[in-house]
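To start, the structure under review is shown below, and the notes come after it.
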Amino acid sequence: MERKVRVRFAPSPTGALHIGGVRTALYNYLFARQHGGDMLLRIEDTDSARFVPGAEEYIIEALQWLGIGIDEGIGCQPAEGSTREWEQPKEGLPMQAGPHGPYRQSERREIYHQYVDQLLNSGHAYIAFDTPEELEAKRNEISNFQYDARTRMQMVNSLTLSKEEVDARIARGDKYVVRFKIEPNEDVHVHDLIRGEVVINSSILDDKVLYKSADDLPTYHLANIVDDHLMEVTHVIRGEEWLPSAPLHVLLYRAFGWEETMPQFAHLPLLLKPDGNGKLSKRDGDRLGFPVFPLEFHNQKDGTVSSGYRESGYLPEAVINFLALLGWHAASDQEIFSMQELIEQFSLDRVSKSGAKFDYEKGKWFNHQYLQNYTGAQLLPQFLAAVPAEHKEAVLEKGENVIAHVIDLMKERVNFVPELWDQAAFFFVAPAAYDEKSLKKRWKEESPAHMRELYAILEGINEWNAETLDKIVMEWIAQKEYGVGLVMNAFRITLVGAARGPHIWEITNVLGKEETLRRLQTAIERLA
RNA sequence: GGUGCUAUCGUCUAGGGGUCUAGGACAACGGCCUCUCACGCCGUAAACCGGGGUUCGAAUCCCCGUAGCACUACCA
């Protein structure tokens, strides 16, 4: 029986959504869309101690910005005229919707109780009273201590205690956990869509904690399996860090009797640090000067601020394209993909097995590519946002059409909109100083004299356009045999302040006659 | 330490026994374009971790080693 494809992205609200998590979400989304399936967003907040306020909203906003749509669960917005079940936001938390809710694990306590009991009753789990301190002591005392078939009979649990004692302890309020009872010496096979068959012997697995009475919440493993089953998830696409616990999950499905509908697994390669070794982390971003989060995040818990791709000037389609290729490659050599093309061409069997070092330089290139698709008018608001306050007025004075034109002129030379100001400031603000290197190379002894002559010529031109200026100036240079490069480069320095920028008549067009002459005059005076 | 995963240019990767004197992209370098700087275009340099097998033939399959990574919590 073919089931409808259903995948989920299930982050933990412990801070900003890491860029690796974004890629996981993207791959899930692409897979769902390609198969006409559903993409769910579930919040795994079973660790109350690590909850960070705002993280959930952040995740939703990030996915929205990137165009990763959610069909069911948290952050799912009702469509016009929708007849589906919608739950009202809880205490200002984001809206959730779908037939398998709630989609926040902290709101599913009762559901988990039922399944914990099922495992307890079927003998697949037991209650353990060992305190975290006692376990810690045990680990210090015995190297490689593991709570499993070899050791569980020496511990304080319902296997070693009488029924009365267990009941008494619970009755008097002793904190306990429920542990999964793993039968030793069994080869557990996990079929991974990316890696193939992975076999692990159950003896190396420990009796994982499934539920803790202290906060009346299950742990990841239990909640994950129960939810994926109840939510009819067909494919679990997640990071490679979960591969070692996949056999445990298989065992859990088996214990519940859900093996028939167990989802298929695909463990994605990790995103690694660009330099050195290890997994890409938040600190690498700070250290190497690039964002590791999609959006800027203000952590209310520890007061830190992390930079984001959006605020750094990245276009969402560039981030998507860049991330898609970090671990996946099309059958062809194509590298530029729209979301639609990714949906059409993505496939799990073309996902690489090895970790990918995060190549920030290539990300810049992607942004450059996508930036060229936008017109100056479209980029205008972003450009204006990057203009320093003290120059705002001078820029606005030019009018939107001229500013948009300048952006069109300059956008091909930058990777990001915010960089545009550095490149284009001279259009709006006269050079305060002249670049030493440019001067040395392009400002010659005869330059002041040339510029004085040029000033006189330009002053007499009334038709201030590129064609006329070019014709008259070139004729003058040719007649005097001054050399085009010599004159034009000096002229450029007077207008720009350095030997760079677009074609000179583009500059004079934007500046206008009056400003052009003013800058020429200033330079003649200062560089004579 | 244990277990698992992985291993092609600096980086992301193509490659799934002969078409590989190993292809593409980023970055680097050089050239062209040109009034400058960029963009763009063209080009150069740059890799199959090591050792054994299997085979007529191995980057491709197997084994061993080595290295990297992940996991090894009442975190996810």
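In what follows, every chain begins at residue 1, and chains take the letters A, B, ... in the order their sequences are listed. Computed from heavy atoms alone, side chains included, the values below leave out hydrogens, waters and symmetry copies.
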Q. Starting at the 5' end of RNA chain B and moving along, which residue's nearest nucleotide shows up first, A/Val198 or A/Arg492?
A. A/Val198
Q | Between P of B/G4 and CD of A/Glu197, the distance in whole Å | A | 14 Å
Q.
Measure CD/A/Gln334 against P/B/A25 and give the value in whole Å, please.
A. 14 Å
Cut-off 3.5 Å, no hydrogens considered: what does the side-chain donor-acceptor table look like for residues 14-22 of chain A, sequence neighbours left out?
from, atom 1, to, atom 2, distance (Å)
A/His18, ND1, A/Gly20, N, 2.8
A/His18, NE2, A/Leu280, O, 3.1

Q.
Suppose we screen for side-chain hydrogen bond (donor to acceptor under 3.5 Å, both in side chains). Which residues come up paired with A/Tyr126, at least two apart in sequence or across chains?
A. A/Asp207
Q: Find the distance A/Lys353:NZ to B/G16:P and express it as a whole number of Å.
A: 13 Å
**Q.** Residues A/Asp47, A/Arg50: salt bridge by 4.0 Å N-O rule
**A.** yes
Is there any protein nitrogen or oxygen under 3.5 Å from a nitrogen or oxygen in nucleotides 73-75 of chain B, and what are the pairs?
from, atom 1, to, atom 2, distance (Å)
B/C74, OP2, A/Arg139, NH2, 3.4
B/C74, OP2, A/Arg179, NH2, 3.3
B/C74, N4, A/Asp130, O, 2.4
B/C74, N4, A/Pro132, N, 3.2
B/C75, O2', A/Asp47, OD2, 2.8
B/C75, O2', A/Arg50, NE, 3.3
B/C75, O2', A/Arg50, NH2, 3.3
B/C75, O2, A/Arg50, NH2, 3.2

Q: Name the pairing partner of B/U11, where a pair is Watson-Crick or G-U wobble with both distances under 3.5 Å, or state none.
A: B/A25
Q | Given B/G4, B/U6, B/U3, the nucleotide with the shortest approach to the side chain of A/Ile204 | A | B/U3
**Q.** Whole-Å C1' distance, B/C74 and B/U3
**A.** 23 Å
**Q.** Separation of the P atoms in B/G30 and B/A14, to the nearest angstrom
**A.** 31 Å
Q.
Strictly by Watson-Crick or wobble contacts shorter than 3.5 Å, is anything paired with B/C71, and which nucleotide is it?
A. B/G2
(Q) With rounding to the closest Å, how many angstrom separate the C1' atoms on B/C29 and B/G15? (A) 27 Å
Q) Rounding to the closest angstrom, what is the interatomic distance between B/U8 and B/G68 at atom C1'? A) 15 Å
Q. By side chain to side chain contact (heavy atoms under 4.5 Å, CB included), which residues pair with A/Asp349, not counting sequence neighbours?
A. A/Ser347
Q) Base, sugar-phosphate, or nothing for A/Leu243, non-hydrogen atoms under 4.0 angstrom? A) sugar-phosphate
(Q) Suppose we define a pair by two distances each less than 3.5 Å, Watson-Crick or G-U wobble; what does B/C56 pair with here? (A) B/G18
Q | Ionic contact status for A/Glu133 with A/Lys138, cut-off 4.0 Å | A | no
List the atom pairs, donor and acceptor, that lie under 3.5 Å between side-chain atoms in residues 481-499 of chain A and the rest of the protein, sequence neighbours left out.
from, atom 1, to, atom 2, distance (Å)
A/Tyr482, OH, A/Glu453, OE1, 3.4
A/Tyr482, OH, A/Glu453, OE2, 2.5
A/Asn489, ND2, A/Gly485, O, 2.9
A/Arg492, NH1, A/Arg500, O, 2.9
A/Arg492, NH1, A/Gly501, O, 3.3
A/Arg492, NH1, A/Pro502, O, 3.0
A/Arg492, NH2, A/Pro502, O, 2.9
A/Thr494, OG1, A/Phe491, O, 2.5

Q.
Holding to salt bridge (Lys or Arg N to Asp or Glu O under 4.0 Å), I want the full list of residues that pass it with A/Lys353, two or more places apart in sequence or in another chain.
A. none
(Q) Taking the ring centre of each residue, are A/Tyr220 and A/Trp242 less than 6.0 Å apart? (A) yes
Q.
Expressed as a whole number of angstroms, how long is the span from A/Asn144:CG to B/C71:C1'?
A. 14 Å
Q. Between B/U3, B/C69, B/A76, which nucleotide gets closest to the side-chain atoms of A/Leu270?
A. B/C69
Q: If B/A47 has a Watson-Crick or G-U wobble mate with both distances under 3.5 Å, name it; if not, just say none.
A: none
Q: Can you tell me, in whole Å, how much space there is between the C1' of B/A22 and that of B/A46?
A: 13 Å
Q: Describe the nucleic acid contact of A/Pro502 in one word from base, sugar-phosphate, nothing, applying a heavy-atom distance below 4.0 Å.
A: base
Q) Which value, in whole Å, describes the distance between the C1' atoms of nucleotides B/G53 and B/A58? A) 12 Å
Q.
The side chain of A/Glu241 is closest to which nucleotide in this list: B/A76, B/C5, B/U3?
A. B/A76
Q.
The criterion is salt bridge (Lys or Arg N to Asp or Glu O under 4.0 Å); which residues satisfy it with A/Asp206, sequence neighbours excluded?
A. A/Lys208
Q.
I want to confirm an ordering. Mapping A/Gln146 and A/Ile194 to their closest nucleotides on RNA chain B, which one lands closer to the 5' end?
A. A/Ile194
Q. Given atom CG of A/Asp470 and atom P of B/U34, what is their separation to the nearest angstrom?
A. 14 Å
**Q.** salt bridge (Lys or Arg N to Asp or Glu O under 4.0 Å) evaluation trace for A/Arg108 with A/Asp227
**A.** CA-CA 9 Å; A/Arg108 297 171 64 81; A/Asp227 288 351; 2.8 Å; yes
(Q) Using whole Å, what does the distance between atom P of nucleotide B/U36 and atom CD1 of A/Ile493 come to? (A) 12 Å
Q | G-U wobble or Watson-Crick pairing nucleotide for B/C41 (cut-off 3.5 Å, both distances) | A | B/G31
Could you go over nucleotides 11-15 of chain B and give all protein N or O partners under 3.5 Å, atom names and distances?
from, atom 1, to, atom 2, distance (Å)
B/C12, OP1, A/Lys357, N, 2.9
B/C12, O2', A/Leu325, O, 3.0
B/U13, OP1, A/Gly327, N, 3.1
B/U13, OP1, A/Ser352, OG, 3.2
B/U13, O2', A/His329, NE2, 3.1
B/A14, O3', A/Arg350, NH2, 3.3
B/G15, OP1, A/Arg350, NH1, 3.0
B/G15, OP1, A/Arg350, NH2, 3.2

Q | Test salt bridge (Lys or Arg N to Asp or Glu O under 4.0 Å) applied to A/Glu506 - qualifying residues, sequence neighbours left out | A | none
Q: Please list all pairs passing the side-chain hydrogen bond (donor to acceptor under 3.5 Å, both in side chains) test where one or both residues lie in residues 174-188 of chain A, with sequence neighbours left out.
A: A/Arg172-A/Asp174, A/Glu186-A/Arg254, A/Asp187-A/Asn201
**Q.** Complement of B/U36, any strand, by Watson-Crick or G-U distances under 3.5 angstrom
**A.** none
Q) Just by protein heavy atoms under 4.0 Å, how would nucleotides 38-48 of chain B read 5' to 3' in B, S and -? A) BSS--------
Q: Determine the Euclidean distance between corresponding C1' atoms of B/G17 and B/A59; express it in Å to zero decimal places.
A: 10 Å
**Q.** Candidate nucleotides B/A76, B/U36, B/C5, ranked by approach to the side chain of A/Ala499 - the nearest
**A.** B/U36
Q) For A/Glu44, which residues count as a salt bridge (Lys or Arg N to Asp or Glu O under 4.0 Å) partner, sequence neighbours excluded? A) A/Arg42
Q: Sticking with atom P, work out how far B/G1 lies from B/G16, rounded to a whole angstrom.
A: 38 Å
Q | Salt-bridge contact A/Arg150-A/Asp148 (side-chain N to carboxylate O under 4.0 Å) | A | yes
Q) Between B/C5, B/A27, B/A70, which one does the side chain of A/Pro244 approach most closely? A) B/A70
